[in-house]
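When a ligand or atom number is given, it counts from 1 through the structure's own listing order.
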Amino acid sequence: EKGLRIADKGFLNTAVITSEITYIDGDAGVLRYRGYPIEQLAVHSNFLETSYLLIYGSLPTRSQSKLFEHEVMQHSIAHHDAESLLRAFRYDSHPMSILTSAFAGLGSMYSEANPSLQGQTLYTKGDAACLANMDKQIYRLIGKATTLAAMAYRVRQGRKFVTPPAGLSYTGSFLYQMDHLGEEEYKPSPVLEKALDVLFLLHADHELNASCTTVLQTGSSLVDPYSAIAAGCASLYGPLHGGANEAVIRMLISIGSPDNVPAFVEQVKRREKVLSGFGHRVYKTSDPRSFIVRKTADEVFKVTGKDELLETAMRLHEVAMKDEYFIKRKLAPNVDFCSGLIYRSMGFPLDFFPVLFAVPRVVGWLAHWRQMMLQPGGVKIWRPRQVYVGPSVRDYVPVDERG
Ligand code: SDX
């Protein structure tokens, strides 16, 4: 058909945009946000400062940082109507289902954010009013991501929602809402807050992964950003993507002990099992984030005690990295291999782990969404073609004449 070329399966080698946000060199194991190496940002920056960098393209000045943090924290309070929306879920709903719906529902509460109601150029005009409105939705979505996540957690536990006191950090406010039992004062834990902040920073963006592509595909029809983020959240939910951190722990629990690792690896090689937390579409060496996650885990284990699954994970890492099957396929640990061990030792429930991926990834999705809205020449709806391989033209057959 007119020179159409089918892309490689899963868009293996297909670039659909140019971007100035995140750079990955999969062969060298390099990850940079707006040119800054992830290793430097993990040590010297923090999640909200890096969020500003990803979205606006430069490290903020002190006053820009303070304003951004103030706006995000101001918007972290959820509208009362959001509470009744989340309360509608059964207690045993997966928190990613709840969060996905919560983002979409949030969009219904802000008609000024809806291009279908306010006009198509709401986010594409690029003038001061457009940028200010875009900023407001960005503050809201980043601020509310932790609150909606914490509310989803409490729906699962049948507990009431709590509003954090002003003055806590982004992750501190989140941990307060997650664990505050209402009786005693929240005891901030600087080590755990810092560890979660580093993990949020590492998960903030990763160029055009499946969920980011979903956000842009959805956003290209000029739908409101809440609906686009909800679509991205749904994509991230899958076990091949953001659901892998939960799948890794289920895998380690099913292996049982380090002694069972060799037998498990043989099952993987016979394709009876998948080694979750290993492999990556782009990285053909270790995911650079996995080294920082591993270091962060050691910090956390000093406070929480070592997770008993760590030995099995380390044995699995050791056996797989020496095995020809994995070496030939360039399979190495990705960001999800150890992150779940940290979340588990911090007391998060297993099915909440993908939520801990989605919360920070809202920033990367928004950075790419904003880049698309403001791209020179305006937004073009994403509408790929197909190569048709079905039956050629044929006439209708009445039902009594069918075989
Ligand atoms: C994330 O894209 C991103 O940037 C994602 C992410 C982000 O920050 O947004 O980095 C986050 O999603 C990390 C990935 C988390 N997923 C998992 O850990 C699930 C386990 N991994 C695999 O499902 C797989 O590695 C993928 C999905 C991550 C990548 O799949 P690809 O690129 O389509 O690779 P593939 O399936 O074609 O694998 C190539 C070969 C195949 O063997 P052959 O058919 O060639 O013989 O490697 C094998 C695969 O069977 N393989 C695995 C494997 N991953 C790939 N074999 C066993 N265990 C694995 N984990």
Heavy-atom contacts under 4.0 Å between [X] and ligand 1: side chain, backbone, both, or neither?
X	answer
R289	side chain
V268	side chain
Y283	neither

Among all protein heavy atoms, pick the one closest to [atom] and tell me residue, atom and distance.
atom	result
atom 51 (N) of ligand 1	L331 CD1, 3.7 Å
atom 14 (C) of ligand 1	N334 ND2, 3.6 Å
atom 17 (C) of ligand 1	A244 CB, 3.5 Å
atom 12 (O) of ligand 1	H241 ND1, 3.0 Å
atom 32 (O) of ligand 1	R281 NE, 2.6 Å
atom 19 (C) of ligand 1	P239 O, 4.0 Å
atom 42 (O) of ligand 1	R329 NE, 3.3 Å
atom 10 (O) of ligand 1	H280 NE2, 2.6 Å

- Note on the structure: Checking L31, V30, T285, V282 against D25 for side-chain contact (heavy atoms from CB on, under 4.5 Å), the one that qualifies is V30
- So among I55, L53, D205, which one has a side-chain contact (heavy atoms from CB on, under 4.5 Å) with I21? D205
- Item | M251 side chain near F264 side chain, heavy-atom distance below 4.5 Å |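 Yes, close enough: below the 4.5 Å cut-off.
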- Query: Can you tell if the side chain of S220 reaches within under 4.5 Å of the side chain of M372, non-hydrogen atoms only?
  - Reply: yes
- D224 and S227: side-chain hydrogen bond (donor to acceptor under 3.5 Å, both in side chains), yes or no, with the steps? CA-CA 6 Å; D224 65 274; S227 304; 2.7 Å; yes
Flag: protein heavy atom within less than 4.0 Å of [atom]:
atom	result
atom 36 (O) of ligand 1	no
atom 6 (C) of ligand 1	yes
atom 28 (C) of ligand 1	yes
atom 49 (C) of ligand 1	no
atom 54 (N) of ligand 1	yes

Do NZ/NE/NH1/NH2 and the carboxylate oxygens of [X] and [Y] come within less than 4.0 Å?
X	Y	answer
K302	D298	no
K322	E318	yes
D27	K284	no
R315	E311	no

- Message: As a test of understanding, state which of Y52, Y33, Y170 forms a ring-ring contact (aromatic ring centres under 6.0 Å, His included) with F47.
- Response: Y170
Any nitrogen or oxygen of [X] lying under 3.5 Å from a nitrogen or oxygen in ligand 1? Just yes or no.
X	answer
R361	yes
R271	yes
K273	no
L240	yes
F278	yes
L275	yes

- Query: Using the benzene-type ring in the case of Trp, are the ring centres of Y283 and H206 under 6.0 Å apart?
  - Reply: yes
- Query: Quick one: does K269 get a heavy atom under 4.0 Å from ligand 1?
  - Reply: no
- Using non-hydrogen atoms of the residue, decide whether F337 is closer than 4.0 angstrom to ligand 1. no
- Item | R156 NZ/CZ over F352 ring centroid, <6.0 Å and within 45° of normal |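 No, a cation-pi geometry is absent between R156 and F352.
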Strictly distance-based, threshold 3.5 Å: is any side-chain N or O of [X] a donor or acceptor partner for the main-chain N or O of [Y]?
X	Y	answer
K273	V265	no
N334	G279	yes
S173	L168	no

- Message: Can you check which of G277, G279, S235, S211 brings a heavy atom nearest to atom 25 (O) of ligand 1?
- Response: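 Answer by nearest heavy atom: G279.
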- Message: Consider side chain to side chain donor-acceptor pair (under 3.5 Å). Of S63, S58, S65, which one does T61 pass it with?
- Response: S63
- Message: Need the ligand 1 atom indices (1-based, order shown) with element for anything under 4.0 Å from a heavy-atom of F357.
- Response: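 Per the distance check, 7 (C), 8 (O), 11 (C).
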- Message: With heavy-atom distances below 4.0 Å as the criterion, list the atoms of ligand 1 near D336.
- Response: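 Near D336, meaning under 4.0 Å from one of its heavy atoms, ligand 1 has 1 (C), 13 (C), 14 (C), 15 (C).
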